[in-house]
Colleague: 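Dumping the structure here so I can ask a few things about it.
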Amino acid sequence: MKEELLHYVWQHQYFDKADLLTDQGEKLIVLRPGQHNTDAGPDFLNARLQIGEVEWNGAVEIHLRASDWQRHQHQTDPKYDQVVLHVVYAADQPVQRTNGSVIPSLTLAPRLTPALLTTYATLGAI
């Protein structure tokens, strides 16, 4: 699987949003997924999310594994301090901003339909 699939899924909201919770157990409502950023910095800008009782405007970063955050050195890059949600296929560790605050995450793996994954696999073979 490539990260681009997760970008597509997030941008078009092609995942199960029933009873959506962050990996930390907070209710999550996607009010606006944001605009795809083709420049340096977080993957989606100007997203609007409600996490728990708080409405956030900020960025969304997407990775296959949460640990890619450290591998890409985002924890030391102030451009990523505006990230309000880390969207991952697999959450293998929590991630933090430069000030040490934990960034809420959403794991997409259990929310993707088998049909979507089959179509992706089929198209990838072409």
Side-chain angles (χ1 to χ4, degrees):
M1 175 178 299
K2 294 185 180 178
E3 194 174 288
E4 288 79 16
L5 173 64
L6 298 182
H7 285 223
Y8 181 81
V9 165
W10 177 258
Q11 183 174 10
H12 299 286
Q13 298 289 284
Y14 289 151
F15 59 93
D16 178 12
K17 291 179 282 311
D19 300 316
L20 196 58
L21 299 173
T22 66
D23 296 329
Q24 295 73 28
E26 294 185 276
K27 183 178 177 181
L28 172 63
I29 300 171
V30 180
L31 302 168
R32 183 178 60 230
Q35 293 87 37
H36 189 236
N37 179 20
T38 58
D39 203 359
D43 295 317
F44 286 85
L45 303 174
N46 303 312
R48 196 168 135 226
L49 311 168
Q50 184 174 334
I51 302 174
E53 297 300 317
V54 179
E55 189 172 311
W56 296 88
N57 289 293
V60 173
E61 179 66 6
I62 298 177
H63 289 116
L64 290 176
R65 292 171 308 281
S67 57
D68 290 340
W69 182 272
Q70 274 78 17
R71 194 167 59 82
H72 297 164
Q73 299 296 309
H74 296 331
Q75 75 279 11
T76 60
D77 188 341
K79 285 188 297 239
Y80 292 86
D81 285 344
Q82 64 179 311
V83 171
V84 295
L85 184 67
H86 191 211
V87 175
V88 299
Y89 184 77
D92 56 350
Q93 69 181 56
V95 300
Q96 301 174 337
R97 296 178 185 88
T98 59
N99 67 3
S101 61
V102 174
I103 299 172
S105 60
L106 172 65
T107 301
L108 287 182
R111 296 187 167 276
L112 301 179
T113 66
L116 175 74
L117 296 174
T118 299
T119 301
Y120 172 73
T122 302
L123 291 174
I126 294 175

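What you see is a predicted model; the values in this text were computed from it and never measured.
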Colleague: When the ring planes of H36 and F44 are compared, do they come out parallel, tilted or perpendicular, using 30° and 60° as the limits?
Modeller: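 Rings of H36 and F44: tilted, 30 to 60°.
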Colleague: At what distance, to the nearest 0.5 angstrom, does NZ of K79 lie from OG1 of T76?
Modeller: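 One finds 10.0 Å between NZ of K79 and OG1 of T76.
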Colleague: Start with the C-alpha distance between V30 and Q13, add both sets of side-chain angles, then the distance that settles side chain to side chain contact (heavy atoms under 4.5 Å, CB included), and finish with yes or no.
Modeller: CA-CA 9 Å; V30 180; Q13 298 289 284; 3.4 Å; yes
Colleague: Please test Q11 against Q35 for side-chain hydrogen bond (donor to acceptor under 3.5 Å, both in side chains), starting from the C-alpha separation and ending with a verdict.
Modeller: CA-CA 8 Å; Q11 183 174 10; Q35 293 87 37; over 6 Å; no
Colleague: May I ask you to test the D81-T98 pair for a side-chain heavy-atom distance under 4.5 Å?
Modeller: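 Yes. Closest side-chain heavy atoms under 4.5 Å.
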Colleague: Which atoms form the tightest heavy-atom contact between A59 and L45, and what is the distance?
Modeller: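 Closest approach of A59 to L45: CB-CD2, 4.2 Å.
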Colleague: Any side-chain heavy-atom pair from T119 and L116 closer than 4.5 angstrom?
Modeller: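 The answer is no; the side chains never approach within 4.5 Å.
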Colleague: Locate the shortest heavy-atom distance separating R65 from V88; write the atom from each residue and the value.
Modeller: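 Heavy-atom minimum between the residues: C-CG1, 4.3 Å.
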Colleague: Between I103 and W69, is a side chain to side chain contact (heavy atoms under 4.5 Å, CB included) present by the stated rule, with each step listed?
Modeller: CA-CA 11 Å; I103 299 172; W69 182 272; 3.4 Å; yes
Colleague: State, yes or no, whether a side-chain contact exists between L108 and V9 at a heavy-atom distance under 4.5 Å.
Modeller: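 They are in side-chain contact.
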Colleague: Distance from R48 atom CZ to L31 atom CG, nearest 0.5 Å?
Modeller: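 Going from the CZ atom of R48 to the CG atom of L31 covers 4.5 Å.
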Colleague: First locate atom NZ of K17, then atom CG of L28, and finally report the distance between them rounded to the nearest 0.5 Å.
Modeller: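 Interatomic distance, K17 NZ to L28 CG, rounded to 0.5 Å: 10.5 Å.
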Colleague: What heavy-atom pair brings V95 and A66 nearest, and what distance separates the two atoms?
Modeller: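 Heavy atoms of V95 and A66 come nearest at CG1-O, 3.5 Å.
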Colleague: Nearest 0.5 angstrom please: N57 CG to N46 CG, how far?
Modeller: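 With rounding to 0.5 Å, CG (N57) is 8.0 Å from CG (N46).
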Colleague: Side chains of Y89 and L6: does their closest heavy-atom pair fall under 4.5 Å?
Modeller: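 Result yes, sub-4.5 Å side-chain heavy-atom pair found.
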Colleague: Would you say W56 and V83 are hydrophobically clustered, going by side-chain heavy atoms of ILVMFWY under 4.5 Å?
Modeller: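 W56 does not cluster with V83.
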Colleague: Is there a side-chain contact between L49 and E55 (heavy atoms, below 4.5 Å)?
Modeller: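 The answer is no; the side chains never approach within 4.5 Å.
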Colleague: Does a side-chain heavy-atom distance below 4.5 Å link P104 with H86?
Modeller: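 Contact flag for P104/H86 side chains = no.
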Colleague: Side-chain heavy atoms under 4.5 angstrom apart, residues restricted to Ile, Leu, Val, Met, Phe, Trp, Tyr: same cluster for L106 and L112?
Modeller: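 L106 clusters together with L112.
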Colleague: Near K27 NZ, under 6.0 Å, is it more than 12 heavy atoms from other residues, nucleotides or ligands?
Modeller: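 No.
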Colleague: Is L20 linked to L85 within one hydrophobic cluster, defined over Ile, Leu, Val, Met, Phe, Trp and Tyr using a side-chain heavy-atom separation of less than 4.5 Å?
Modeller: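 Yes, one cluster joins them.
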Colleague: Is there a path from V60 to L5 through hydrophobic residues (I, L, V, M, F, W, Y) whose side chains come within less than 4.5 Å of each other?
Modeller: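 V60 clusters together with L5.
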Colleague: State, with a plain yes or no, whether a side-chain heavy atom of Q96 is found less than 4.5 Å away from one of Q75.
Modeller: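 In short, these two side chains do not touch, never coming nearer than 4.5 Å.
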Colleague: In Å, rounded to the nearest 0.5 Å, how long is the span from CD of E61 to CG of N37?
Modeller: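 Answer rounded to 0.5 Å: 9.0 Å.
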Colleague: Can you tell me if CG on D19 sees more than 12 non-hydrogen neighbours from other groups inside 6.0 Å?
Modeller: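 Not more than 12 within 6.0 Å, no.
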Colleague: Report the C-alpha distance between D43 and E3 in whole Å, list the side-chain angles of each, state the deciding distance to 0.1 Å, and finish with yes or no for side chain to side chain contact (heavy atoms under 4.5 Å, CB included).
Modeller: CA-CA 11 Å; D43 295 317; E3 194 174 288; 4.1 Å; yes
Colleague: Please tell me if the side chains of V87 and I62 come closer than 4.5 Å, counting only heavy atoms from C-beta onward.
Modeller: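 Touching, per the 4.5 Å side-chain cut-off.
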Colleague: Would you please indicate if the ring centroids of H74 and H63 are separated by under 6.0 Å?
Modeller: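 Yes, ring centres under 6.0 Å apart.
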Colleague: In terms of hydrophobic clusters joined by side-chain contacts under 4.5 Å, are V54 and I29 together?
Modeller: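 Different hydrophobic clusters.
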Colleague: Using the rule given for side chain to side chain contact (heavy atoms under 4.5 Å, CB included), can you reason through Q93 versus Q70, listing the C-alpha separation, both sets of side-chain angles and the distance that settles it, and then say yes or no?
Modeller: CA-CA 10 Å; Q93 69 181 56; Q70 274 78 17; 2.6 Å; yes
Colleague: Please step through side-chain hydrogen bond (donor to acceptor under 3.5 Å, both in side chains) for the pair Q24 and S105, ending with a clear verdict.
Modeller: CA-CA 7 Å; Q24 295 73 28; S105 60; 3.3 Å; yes
Colleague: Parallel under 30°, tilted from 30 to 60°, perpendicular over 60°: which one fits the rings of F15 and W10?
Modeller: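 F15 vs W10 ring planes: parallel.
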